[in-house]
Novice: 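First the structure, then my questions, so here it is.
Numbers here are sequence positions counted from 1. Keep in mind it's a predicted model, so treat the numbers as computed, not measured.
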Amino acid sequence: MVRAFKRPQFLLDLAEELTWLNERAGPEVSERWYQAVLATIEDLKRHPHLGRERLDLKPKGIRSWRVKRFPRWLLIYTLREDGLALLRVRYGAMNLVVLKMES
């Protein structure tokens, strides 16, 4: 199993999405979403090539995979020699091309 490195913007996205879900759907839903994100990260650590390569996102090599049980959210990551770097977690219906990605 590879290691997962959470980039600062990933942590900011996580906090933003948790706050949004907590305010609009309640604490139970936000906790379920958070646990689903953690479970999805574990899946990616075991199988880092699950996500599809995103040719529409820069820099080259960015991949995305849907959050378990919350398929409208995407984990955006890239593979590195020492593991995978979690770049963003965002609602998948947004224009992802405008997001800043740092690997």
Novice: Can you list the residues that meet the side chain to side chain contact (heavy atoms under 4.5 Å, CB included) rule with L50, with sequence neighbours excluded?
Specialist: D43, L44, H47, W65
Novice: If I take atom CG from residue D56 and atom CD from residue E53, how far apart are they, to the nearest 0.5 angstrom?
Specialist: 10.5 Å
Novice: Suppose we screen for side chain to side chain contact (heavy atoms under 4.5 Å, CB included). Which residues come up paired with H49, at least two apart in sequence or across chains?
Specialist: R63, L79
Novice: Side chain to side chain contact (heavy atoms under 4.5 Å, CB included) with V89: which of I41, L18, D13?
Specialist: D13
Novice: Of all heavy-atom pairs between A36 and F70, which one has the smallest distance, and what is that distance?
Specialist: CB-CD1, 3.7 Å
Novice: For the residue pair R80 and F5, would you count it as a cation-pi contact if the rule is NZ or CZ under 6.0 angstrom from the ring centre and within 45 degrees of the ring axis?
Specialist: yes
Novice: Spell out, as yes or no, whether a donor-acceptor pair under 3.5 Å connects the side chain of S30 to the backbone of L21.
Specialist: no
Novice: Quick one: list whatever passes side chain to side chain contact (heavy atoms under 4.5 Å, CB included) with R66, sequence neighbours left out.
Specialist: P71, L74
Novice: Does Y34 reach the main-chain N or O of V29 with its side chain, forming a donor-acceptor pair under 3.5 Å?
Specialist: no
Novice: Could you list the residues that satisfy side-chain hydrogen bond (donor to acceptor under 3.5 Å, both in side chains) with R52, not counting sequence neighbours?
Specialist: none
Novice: Quick one: pull up CG in L87 and OH in Y77 and give me the separation to the nearest 0.5 Å.
Specialist: 10.5 Å
Novice: Just so I know, are the side chains of Q9 and R88 near enough to count as touching, which here means a heavy-atom distance under 4.5 Å?
Specialist: yes
Novice: What is the distance from atom CG of L12 to atom CZ of R7, rounded to the nearest 0.5 Å?
Specialist: 12.0 Å
Novice: Restricting to pairs with a member in residues 14-29, which pass side-chain hydrogen bond (donor to acceptor under 3.5 Å, both in side chains), not counting sequence neighbours?
Specialist: E16-R90, E17-W73
Novice: What pairs with E42 under side-chain hydrogen bond (donor to acceptor under 3.5 Å, both in side chains), at least two apart in sequence or on another chain?
Specialist: K45
Novice: Does I76 offer a backbone N or O that forms a donor-acceptor pair with the side chain of S64 under 3.5 Å?
Specialist: no
Novice: For L75 versus F10, what's the shortest heavy-atom pair and its separation?
Specialist: CD2-CE1, 3.5 Å
